[in-house]
Each structure stands twice: as C-alpha cells, then as structure tokens.
Amino acid sequence: MSEENQDRIVLCAASAYTKKYFLNPLFSGLPEPVQRELNITAVVFTERVGGIITFFFDTGGNLLIETGASEFDAAYDDIGADLEVKSLRSEKAELLESIETYFKVVALHQPLPEDV
C-alpha cells in the first residue's frame, strides 16, 4: 500500500475491467437502500466512463471520489470522468452527504450536526 493510501478508508469501489463491485465490510451497517444505491451508482459510472471508481473517506471524514484507469486503456477519458464525477456529486448530493455524516458520527464519534 502506498503512503498516500494509508490515510484513507475505502467505502466502495467498482471496476469496468473485472466487472466487480466492492463494499468495505466496515460499512455493512449502512441501510440496505443506501448500500444498493452506492452499488448502482458505482457500477453505472464504470459502465459509462470505464476504468475504476473508488469512494473513500479522508482523515477528516470527507467522502471523496477517485477515478482512474489502466495505463493501457486508451478509451478512458480523464476529462469525461471528471465531468461525470461532478454530475454524480450534484445528482447524488443528499446521498453522499448522509453517508459522510454517518461516517463522521459512527466512525469518528463526532457529534451529529444540528441541521440534521
């Protein structure tokens, strides 16, 4: 594991190459509809864009999205992937914010925000 990956906790990931989806077992406590929506979101993303998408938390509890591709994947478009991530963040804002809040409260033991 590279040094940059040691300060993050993967929530889930999907790969267009292996046609697989992974949900970190640490998050099996998420409600089933949330788990299902994450699965659909990640898989649809890789079907549209290709490559790999990873949802992860940084040390501050922020939910981040990373995409990438094999160096041999000439069809993968970095700019298109970035645009898709922006669109995903907009369309799924409520879902992503609720998952981030869940992580901060359950894993980081931060108090529940007052506006929830």
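Both backbone and side-chain heavy atoms feed into the values below; hydrogens, waters and symmetry mates do not. For reference, positions follow the sequence shown, starting with 1.
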[X] side, atom [atom1]; [Y] side, atom [atom2] - distance, nearest 0.5 Å:
{"X": "Leu96", "Y": "Leu64", "atom1": "CG", "atom2": "CG", "answer": "10.5 Å"}
{"X": "Asp82", "Y": "Asp77", "atom1": "CG", "atom2": "CG", "answer": "8.5 Å"}
{"X": "Thr101", "Y": "Glu97", "atom1": "OG1", "atom2": "CD", "answer": "7.0 Å"}
{"X": "Lys92", "Y": "Leu38", "atom1": "NZ", "atom2": "CG", "answer": "9.5 Å"}
{"X": "Cys12", "Y": "Ile65", "atom1": "SG", "atom2": "CD1", "answer": "9.0 Å"}

Taking all non-hydrogen atoms of both residues, which atom of [X] and which atom of [Y] are closest, and how far apart?
{"X": "Leu63", "Y": "Arg89", "value": "O-NH2, 2.6 Å"}
{"X": "Thr46", "Y": "Gly51", "value": "CG2-O, 3.8 Å"}
{"X": "Tyr17", "Y": "Ser70", "value": "OH-N, 3.0 Å"}
{"X": "Ala81", "Y": "Val49", "value": "CB-CG1, 3.6 Å"}
{"X": "Tyr76", "Y": "Gly68", "value": "OH-N, 3.4 Å"}
{"X": "Leu108", "Y": "Thr59", "value": "CD1-O, 4.3 Å"}

Could you check whether any side-chain N or O of [X] sits under 3.5 Å from a backbone N or O of [Y], counting only pairs where one atom can act as donor and the other as acceptor?
{"X": "Ser90", "Y": "Lys86", "answer": "no"}
{"X": "Asp58", "Y": "Gly61", "answer": "yes"}
{"X": "Gln110", "Y": "Val105", "answer": "no"}
{"X": "Asn24", "Y": "Val10", "answer": "yes"}
{"X": "Ser87", "Y": "Leu83", "answer": "no"}

(request) With side chain to side chain contact (heavy atoms under 4.5 Å, CB included) as the test, would you mind laying out the steps for Val43 and Ile53 before giving the verdict? (result) CA-CA 9 Å; Val43 170; Ile53 186 168; over 6 Å; no
(request) Return yes if a side-chain donor-acceptor contact under 3.5 Å exists between Glu94 and Ser98, otherwise no. (result)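 No, no side-chain donor-acceptor contact under 3.5 Å.
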(message) Let's go through Ile99 and Phe55 carefully: what are the C-alpha distance in whole Å and the side-chain angles of both, what is the deciding distance for side chain to side chain contact (heavy atoms under 4.5 Å, CB included) to 0.1 Å, and is it a yes or a no?
(response) CA-CA 11 Å; Ile99 293 169; Phe55 293 78; over 6 Å; no
Could you see if [X] belongs to whatever hydrophobic cluster contains [Y]? Use Ile, Leu, Val, Met, Phe, Trp, Tyr and a side-chain cutoff under 4.5 Å.
{"X": "Leu95", "Y": "Tyr21", "result": "yes"}
{"X": "Phe56", "Y": "Phe103", "result": "no"}
{"X": "Val85", "Y": "Phe57", "result": "yes"}
{"X": "Ile9", "Y": "Leu11", "result": "yes"}
{"X": "Leu26", "Y": "Val106", "result": "yes"}

(message) Looking at Arg8 and Glu66, is any side-chain nitrogen of the basic one under 4.0 Å from a carboxylate oxygen of the acidic one?
(response)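 Salt bridge present between Glu66 and Arg8.
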(request) Answer yes or no: does atom CZ of Arg48 have more than 12 heavy-atom neighbours from other residues, nucleotides or ligands under 6.0 Å? (result) no
(message) Just to verify, what does Tyr102 make a ring-ring contact (aromatic ring centres under 6.0 Å, His included) with, not counting sequence neighbours?
(response) none
(message) I'd like to check the salt bridge (Lys or Arg N to Asp or Glu O under 4.0 Å) partners of Arg36; sequence neighbours left out, ordered by chain and number.
(response) Glu32
